[in-house]
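Naming: A, B, ... by sequence-line order, numbering from 1 per chain.
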Amino acid sequence: MTTNATEEISTTYSPTEVEAKWYKKWEEGKYFKPKKGKANKSYCIIVPPPNVTGRLHAGHALDVTTQDSLIRFKRMKGYETLFLPGLDHAGISTQSVVEKMVFEQEKKTRRDFSREEFVKKIWAWKEEYGNVILDQQRAMGASCDWDYLTFTLDTIPNKAVKKFFVDMYNQKMIYQSDYIVNWDPMLQSAVSEAEVEHKEVNGNFFHIKYAIKGSDETLEVATTRPETLFGDTAVAVNPNDDRYKHLIGKMAIIPLCNREVPIIGDEHVDLEKGTGCLKVTPGHDFNDFEIGRRHNLPIINILNKDGTLNEYGMEFKGLSTKVARNVVSKKLDELGLLLDKKSHLHPVGHGERSGVPIEPMVSKQWFVNVSDMSKRAVLAVENGDMKFYPKEWENTYYSWLRNPKDWCISRQLWWGHQIPVFYCDQNHQWASEHDEKECPTCKSKNVHQDPDVLDTWFSSGLWPMSTLGWPDPKAMEEKKFTTFFPNSVLITGFDIIFFWVARMMMMSLQTQNQVPFKDTYIHAIVRDKLGRKMSKSLGNGIDPFDMIAQYGTDAFRFSLASGAGYNRTINLDPERIGGYRNFINKVWNAYRFISQHLATGSSLIGDMSNLDHHERWILSELNTTAKIMNESFEVYRYDEASAAVYAFVYDKYCSWFIELSKNILNGDDAVTKARRVSVLKFVFKKILALLHPITPFITEELWSHLKETNEDLLIVQDYPEYDSTLEFKSDQDQMNKFIEVVTSIRNLRASVNIKPKDEVNVELFTDHQDLVAYFRANNLNFQELARVKSLKVGNKELNRPNKSIMNITTHTEIFVPLEGVIDLAEQILRLEKEIAKTIADYNKYEARMKNENFMKNAPENVREEVIQGEAELREKINSLKENLIQFKS
RNA sequence: GGGCGUUUAGCUCAGCUGGUAGAGCGCUACCCUUACAAGGUAGAUGUCGGGGGUUCGAGCCCCUCAACGCCCACCA
């Protein structure tokens, strides 16, 4: 801690107040609002809307980091930038949360309320608890324009949903059909595949005898569910099965109900499994349903909504399927029709929420015909109108869209967009975007709307359009639809490529004739440090808020960015976040250092020709870093961008440039001092700008200390770009050699345990004239950085000092003469080790030189590299050997 | 069963169209040197999963085996 009276700054950066302060200033200053900039282009990212029931998890944190970094990057580059936030009503999961809560509080189910009453309860819940995640996004630093905040059930998205539905309905692209769904007899609703849990259950394999009409032969059918035989409408065998194929076309007779059904041949039937003979129940089995479609079989529903048998079950009517299974099998046994019964372990779907076995059941559902839309969606990616990063995800996208199933969009829920289809008491049916009171056909006033709601993804699929106002012309104008559509990039996880990306593509191409976004960046799934999924049951979840509290948002964001590239998992280890927290602290302390000297210089660099070689070097390195970062952000390589800036700040700026500046700043040369401070400040301000997209808070804070009074906040400063006039190749080259020599001296010191405080004499020998000059000019720096008392630099013709320890590089010999006693044996050992290592290296080069084919085939630059390397290493080995001989004598 | 992917230092991961392996963390030794001990300096560590092939040259391309992970389908 400094004791400076005017400015007292802690040696450790404490993020909490800084983060809250700057977010507020940005938001109040309307910095998140789109503004035209020098790029004269627009850039828009729409946040994948989290569920209202959600809390921020590590995946959301990665969403925010990757999206916000790009938004900030583009904003600084002068794009008109929109980061558009939203929330998803998430049909089933939200309704369930509220149902559960109501049950706990009032011991009532939703059926104890009217639909209106219950939906009102969900809205109330949403208003009270639904916005938590938005504050969490703010805490992550998301620079969203919150005036754009859209909820999937808002008026405009509702209009979009209705418009799309009605248009498609009128084009007969949306239709109603019988379909087999996962029916939860407890909830009395269809549930989605994702809500079905498959559990291994101990059941039985029943072998049942079926008679064949007009034949003495019988068929032995194997099933785990004999009670469904009342719904059988065929018996299937494999057409290649020699045992049975002659029976195809005959009629089988179902036991108990004695119905005649055809024997059909279907490839689906497995010759090995069971008896190779399958009863087909299209109303209550997913496969059988498909078989039924292929063969045009009738569908019989034998179940009531509560899962009991209906009148098709004859005397078994009213029994649950579980009870009926036993009773029916007993009855078959009595009749001598049960040939075998084996216990059998098999998976059975259970309702995730209710816990009861799911009954596959056929019911009327709404569908979208996607065959045409999916073709266009495939084409758009093949054409490159929309590009996947990383490219491999195309396959996942194609595999779904190239053989699409029609999309079942109806859900038997109350929370969601109600299907805009109306019926009158005369059985007329029509779709409309408005509330209908009268049948357009028969003028009946007895009209009701379809009670089902639409699949959540139906509204999500229209999200890129509806958030920008479509289809309301006034809203589109206000929200600048034409500026921000198509969006620039969609960033999301691979788990929803089918559900969401594909749907948005289809629905956008259908309604706008354009892709919804130009790029899709698929980011990794965040896992724990052992690569396991984060889950409640494992207790291995990383709560972003713990990380923010412990390390600060910037460190957390930097960690996520450094792990985000083209990989598909990020194994997040909190210790890594700690490492980046230290980096953030390093930046803080670099500021503390230069802040002591700010009075001496400006943030402008005056005449470039006056710069010294270290200054040209740091500008050159800065330039390279800016180049890498710009290129990396453009292709979503956050890992490369963060690695580049990390290395520049830590290794180049802090470890060398600041260290090299100390003797100047402590010296008396006012002109040099002022120039150096200017460069320090100039480069540091560029560092803040480079870092800002990833670590917005600390950079804005430090910028506020460094900015000129006429400069605006960092969030809207120019992003540093590559500038070829700032590249100084020879300065970079010489500096690297200087670093090598300093490191070498330090290494020598350490090898004989010279105390850090003690000074040594150093003699350097090189035949490169520019290096002789360079090293001499750096006399003071050698003193400072390697505790050198006196430095001699000369050519290799000169005599080497006698009693010394030495290191040899490819360009320079470094000698440290020692007054005291040297442990000769130890030094000889060290040299011999070095010689062995160098020879090993050399041999590789030599082998390639001697290889005629290599010299003939390798490209010029590679060959030159080898030739040069061979020469340098040969020289190094000679030096080492000569000196070893001297040493031994 | 179909598809995708992973296997590189103790750990987590980079490694661009093939040119001879890197980072962070951790570890070892020595240092509270006036920006920073959340620090400094120096250092150690790899048959790039196994085997085969193509090539002057393979972590990278091809074949094959193995382990692990994910997605889709299915389990009468």
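Base engagement by A:I658 is indicated by at least one non-hydrogen atom pair under 4.0 Å involving a base atom. Among the heavy atoms of the strands lying under 4.0 Å from A:N585 is at least one base atom, whether or not backbone atoms are also near. At the heavy-atom level, A:C277 lies nowhere under 4.0 Å from the strands shown.
Every side-chain contact (heavy atoms from CB on, under 4.5 Å) that A:F854 has, sequence neighbours left out, goes to A:R848, A:N851, A:A858, A:V862, A:R863, A:V866. Remark: A:T624 pairs with A:I628, A:Q732 by the side-chain contact (heavy atoms from CB on, under 4.5 Å) rule, at least two apart or across chains. Remark: A:E865 pairs with no residue by the side chain to side chain donor-acceptor pair (under 3.5 Å) rule, at least two apart or across chains. Applying the side-chain contact (heavy atoms from CB on, under 4.5 Å) rule to A:E852 yields no partners; only residues at least two apart in sequence or on another chain are considered. Every side-chain contact (heavy atoms from CB on, under 4.5 Å) that A:Q550 has, sequence neighbours left out, goes to A:M547.
Around atom OH of A:Y646, more than 12 heavy atoms belonging to other residues, nucleotides or ligands sit under 6.0 Å away. Counted within 6.0 Å of CG on A:D758, heavy atoms from surrounding residues, nucleotides or ligands total more than 12; the atom is thus considered enclosed.
The distance from atom CG of A:L660 to atom P of B:A35 is 14 Å, rounded to the nearest whole Å. The separation between A:F494 atom CZ and B:G3 atom C1' is 14 Å, rounded to whole Å. Computed from coordinates, the A:E640 CD to B:C13 C1' distance equals 13 Å when rounded to whole Å. When the P atom of B:A76 is taken as reference, atom CG of A:N204 falls 13 Å away, rounded to whole Å. In this structure, the CG atom of A:L785 is 10 Å from the P atom of B:A42, given to the nearest Å. When rounded to the nearest whole Å, the span between CD1 of A:I698 and C1' of B:A35 equals 13 Å. Rounded to a whole Å, the NZ atom of A:K627 is 12 Å from the C1' atom of B:C16. Remark: P of B:A38 and NZ of A:K586 are 12 Å apart, rounded to the nearest angstrom.
For A:F738 and A:F782, the distance between ring centers is under 6.0 angstrom. Between A:Y551 and A:Y580, the ring centre distance reaches or exceeds 6.0 Å.
For B:U33, its base never sits under 3.5 Å from the side chain of A:R787 at any donor and acceptor pair.
If you take atom C1' in B:G18 and the same atom in B:G10, they sit 30 Å apart, rounded to whole Å. Distance check on atom P: B:U7 versus B:A44 gives 27 Å, rounded to whole Å. Using P as the reference atom, B:A9 and B:G50 are 11 Å apart when rounded to the nearest Å. Taking the P atom of each, B:C30 and B:G15 are spaced 38 Å apart, rounded to whole Å. Rounded to whole Å, the C1' atom of B:U34 lies 50 Å from the corresponding atom of B:C60. B:U28 and B:C62 are spaced 43 Å apart, taking the C1' atom of each and rounding to whole Å. Remark: the separation of the C1' atoms in B:A58 and B:G19 is 10 Å, to the nearest Å. On the P atoms, B:U6 is 12 Å away from B:G49, given to the nearest whole Å.
Checking the phosphate oxygens (OP1, OP2) of B:C13, no side-chain nitrogen or oxygen of A:N567 falls inside 4.0 Å. The phosphate of B:A42 has OP1 or OP2 within less than 4.0 Å of a side-chain N or O from A:T743. Distances shorter than 4.0 Å separate some side-chain N or O of A:R746 from OP1 or OP2 on B:A42. Regarding contacts with the backbone of B:G57, every side-chain N or O of A:K844 stays at 4.0 angstrom or more from both OP1 and OP2.
The A:N747 side chain lies nearest to B:G43 when the options are B:A76, B:A35, B:G43. Checking B:U41, B:G19, B:C36 against the side-chain heavy atoms of A:R848 singles out B:G19 as nearest. Listed nucleotides B:A76, B:C36, B:G19 differ in distance to A:L278; the shortest reach to its side chain belongs to B:A76. Comparing atom distances between the A:T11 side chain and each of B:C36, B:A76, B:A35 picks out B:C36 as nearest. For A:F498, whose side chain is taken as the heavy atoms from C-beta onward, the closest listed nucleotide among B:A42, B:U33, B:C71 is B:C71. Nearest nucleotide to the side chain of A:R637, out of B:G15, B:C36, B:G19: B:G15.
Heavy atoms only, all atoms of each residue included: A:H295 and A:G265 are closest at CE1-O, 3.3 Å. Contact between A:S329 and A:P226 at its shortest, heavy atoms only, is CB-CG, 4.4 Å.
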Collect all protein-nucleotide pairs involving nucleotides 22-31 of chain B in which both atoms are nitrogen or oxygen and the distance is under 3.5 Å.
{"residue": "B:G24", "atom": "O3'", "partner": "A:Y646", "partner atom": "OH", "Å": "3.4"}

Identify all pairs in which a protein N or O lies below 3.5 Å from an N or O of nucleotides 4-9 of chain B, and state each distance.
{"residue": "B:C4", "atom": "O2'", "partner": "A:R568", "partner atom": "NH2", "Å": "3.2"}

Pairs under 3.5 angstrom, nitrogen or oxygen only, protein versus nucleotides 58-61 of chain B, please.
none

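A heavy-atom distance below 4.0 Å to RNA chain B is reached by these residues of residues 853-864 of chain A, ordered by number: A:N853, A:F854, A:N857, A:A858, A:P859, A:V862.
Among residue pairs with one or both ends in residues 652-667 of chain A, those qualifying as salt bridge (charged side-chain N to carboxylate O under 4.0 Å, His left out) are A:E621-A:K652, A:E659-A:K662; sequence neighbours excluded. For residues 281-295 of chain A, the set of pairs meeting the salt bridge (charged side-chain N to carboxylate O under 4.0 Å, His left out) definition, not counting sequence neighbours, comprises A:D266-A:R294.
Here the straight-line distance linking atom CD1 of A:I570 with atom CG of A:L62 works out to 4.5 Å at 0.5 Å rounding.
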Secondary structure of RNA chain B in dot-bracket form (Watson-Crick or G-U wobble, distances below 3.5 Å, | marking inter-strand pairs): (((((((..((((.....[..)))).(((((.......))))).....(((((..]....))))))))))))....

Residue pair A:E864, A:Q868: steps toward the side chain to side chain donor-acceptor pair (under 3.5 Å) verdict: CA-CA 6 Å; A:E864 269 175 19; A:Q868 195 189 335; over 6 Å; no

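A ring pair (Phe, Tyr, Trp, His ring centres under 6.0 Å) with A:Y397 is found for one member of A:F388, A:F498, A:F494 and no other, namely A:F388.
Judged by distance alone, with hydrogens and angles left aside, the side-chain atoms of A:D554 form a donor-acceptor pair with the main-chain N or O of A:F697 at under 3.5 Å. With hydrogens and angles disregarded, no donor-acceptor distance shorter than 3.5 Å links the side chain of A:S744 to the backbone of A:E740.
By the 4.5 Å heavy-atom criterion applied to side chains, A:D406 and A:V370 are counted as neighbours.
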